[in-house]
2 protein chains.
Amino acid sequence: MTLAPARRDLQAALQDRGYRLTGPRKRVAEAVGRKQEDGFTAESLCAEVQDTGRATVYRTLKLLLEAGVVCKLPMPDGAPRYMLAQLEHHHHTVCVRCGAVGEFRDTTVERVVRSMGKEITGEIVGHRMEFYIICTSCKAARKA
Amino acid sequence: MTLAPARRDLQAALQDRGYRLTGPRKRVAEAVGRKQEDGFTAESLCAEVQDTGRATVYRTLKLLLEAGVVCKLPMPDGAPRYMLAQLEHHHHTVCVRCGAVGEFRDTTVERVVRSMGKEITGEIVGHRMEFYIICTSCKAARKA
DNA sequence: GAAAATATGAGACACAATATCAGTAAGTCC
DNA sequence: GGACTTACTGATATTGTGTCTCATATTTTC
Ligand SMILES: [Zn+2]
Ligand SMILES: [Zn+2]
Ligand SMILES: [Zn+2]
Ligand SMILES: [Zn+2]
C-alpha cells in the first residue's frame, strides 16, 4: 500500500458499496483522484473525462459523494465545487475568487455541535461549516 | 413602532439603501413579511405575488438579501430556501424533510471564526454554519 | 410638464442537474 | 461458453433556478 492513507482508493470505495466497477466509473474515479489539491466543478470533470456521458459523470460523482470520498461545497454564487476528501470529518475553506478548497478540523466546531444538540428541538442529522476566503494568491494577483 | 424589533420594516430597508419604493417591490416585501416563521423558495414567492413579473421578484429578493433582511440557505438537495432574518447575525437549522428553517445565535461559533482567522492563510470574507435536522413535527409524522 | 434616471415584465436565454429509455455490459448459473 | 438476469450507459429531452434583453412604464428632478 503505497497510497497515502488520506487518498483512499476511489475504485475500491465504489466496489465496497456493491457497485460494479465499470470502465466509465474507473475513468471518473481516476480523474477525481488526479485533482488532489484543488476543488473542481462537475462540468469541468465532464469535460475532462473522455468517452463518458455527462449523466454517468454526475451519477458517479453522486456515488463517490455517498461513499464519502468526495465533498460537495455550495458556493455563495455559482456551481458547487467538489473535492477529494482528505480527512475523515472536516470543514472547508473556499476561495470565492478562484475556488481553491482547503480542509480543516476543529474540535471547537464539534463541541458547538454537541452543545447545540441539547438546545435544538429536533434531531440533528448533519451539520456544515464553511469559511469563504480570498486566498493569498488571489489577493496578490489583485494588487497587480 | 408597533413592530417587533426583529421584524424590520422591509420597505424601509429598501428605501434606506436608495432604492425606489415601487408597487411591485412593496408587494414582494409584504409577501416576504407574511412568511415570518417558515422559509420559502423563490418560486413559491413568484407564485404568491400577483401582478408582478418573475424577474422583479428575483431582483427584489436580491435587494432584500443585500440589505440583510432575508437570508438564503443552500439546501443539500434542491432549491435554496429564503427566510426573513430575525436576528442580526445568526446561523440556521433546516429540517431536511419539510424545509422548516430556524435561526440561532451562538457566541461559540463566532469564537471559532475568530480563532480560525489566525490559522487560515488568506482573508476570511464570510462564513456559514448550518445544522440539518429532522424537526419534531416531521419526526412525529414519521411514526404514524 | 419635460427630461433624465430607474424600474418593470414578457420572453429568451444560460446553466446545472435529472429523467427517459433503448441499447449495452456485467455478473450468475448451468 | 451460452442463456439469463441485473445493472449500467449515454444521447437526448426535460426540469428547475436564475439571469439578460429591451421595449415600455414609472419615478424623480428640474
Ligand atoms: Zn472536504
Ligand atoms: Zn463538524
Ligand atoms: Zn436567517
Ligand atoms: Zn420538518
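Chain identifiers are assigned alphabetically (A, B, ...) following the order of the sequence lines, protein sequences preceding nucleic acid strands; residue numbering begins at 1 within each chain.
In this structure, CG of A/L61 is placed 17 Å from C1' of D/dG10, rounded to the nearest angstrom. Rounded to a whole Å, the CD atom of A/E43 is 8 Å from the C1' atom of C/dA17. The distance between atom CG of A/L45 and atom P of C/dA16, rounded to the nearest whole Å, is 13 Å. Straight-line distance from the CG atom of A/L63 to the P atom of C/dA17: 15 Å, rounded to whole Å. Atom NZ of A/K26 and atom P of D/dC8 are 15 Å apart (whole Å). One atom, CE of B/M75, and another, P of C/dA17, lie 16 Å apart when rounded to the nearest Å. Between A/Q11 atom CD and D/dC8 atom P the separation is 15 Å, expressed in whole Å.
For the atom pair OG1 (A/T22) and CZ (A/R27), the distance works out to 8.0 Å, reported to the nearest 0.5 Å.
For the OP1/OP2 pair of C/dT18 and a distance below 4.0 Å, the side-chain nitrogens and oxygens of A/K62 include at least one atom meeting the criterion. An OP1 or OP2 oxygen of D/dT19 is reached within less than 4.0 angstrom by no side-chain nitrogen or oxygen of B/Y58. At D/dG18, one or more side-chain N or O atoms of B/Y82 fall inside 4.0 Å of OP1 or OP2 (strictly under the cut-off). One finds no side-chain N or O of A/T22 lying less than 4.0 angstrom from the OP1 or OP2 phosphate oxygen of D/dC8.
Using a 4.0 Å heavy-atom cutoff across all strands shown, B/T41 reaches no nucleic acid atom at all. Contacts of B/D77 with the nucleic acid, taken as non-hydrogen atoms under 4.0 Å apart, are absent. The residue B/A79 sits close only to the backbone: its heavy atoms come under 4.0 Å of sugar-phosphate atoms, none of a base.
Both A/K72 and A/Q15 lie close to DNA chain C; mapped to their nearest nucleotides by heavy-atom distance, the more 5′-ward contact belongs to A/K72.
Using a 4.5 Å heavy-atom threshold, the side chains of B/L63 and B/Y19 count as touching. Residues A/F104 and B/M116 have side chains in contact (heavy-atom distance under 4.5 Å, counting atoms from C-beta outward). Side-chain atoms of B/V109 and A/M129, non-hydrogen and from C-beta on, do get closer than 4.5 Å to each other. The shortest distance between side-chain heavy atoms of B/H91 and B/E103 does not fall below 4.5 Å.
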Review item, nucleotides 4-6 of chain C N/O atoms under 3.5 Å of protein N/O:
| from | atom 1 | to | atom 2 | distance (Å) |
| --- | --- | --- | --- | --- |
| C/dT6 | O4' | B/R20 | NH1 | 3.1 |
| C/dT6 | O4' | B/R20 | NH2 | 3.3 |

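A donor and an acceptor atom sit less than 3.5 Å apart, one in the side chain of A/R59 and one in the base of D/dG10.
Of all nucleotides listed (D/dT17, C/dG9, D/dG10), C/dG9 comes nearest to the side chain of B/R27. Listed candidates were C/dA17, D/dT17, C/dG9. Nearest to the side chain of B/T56 is C/dG9.
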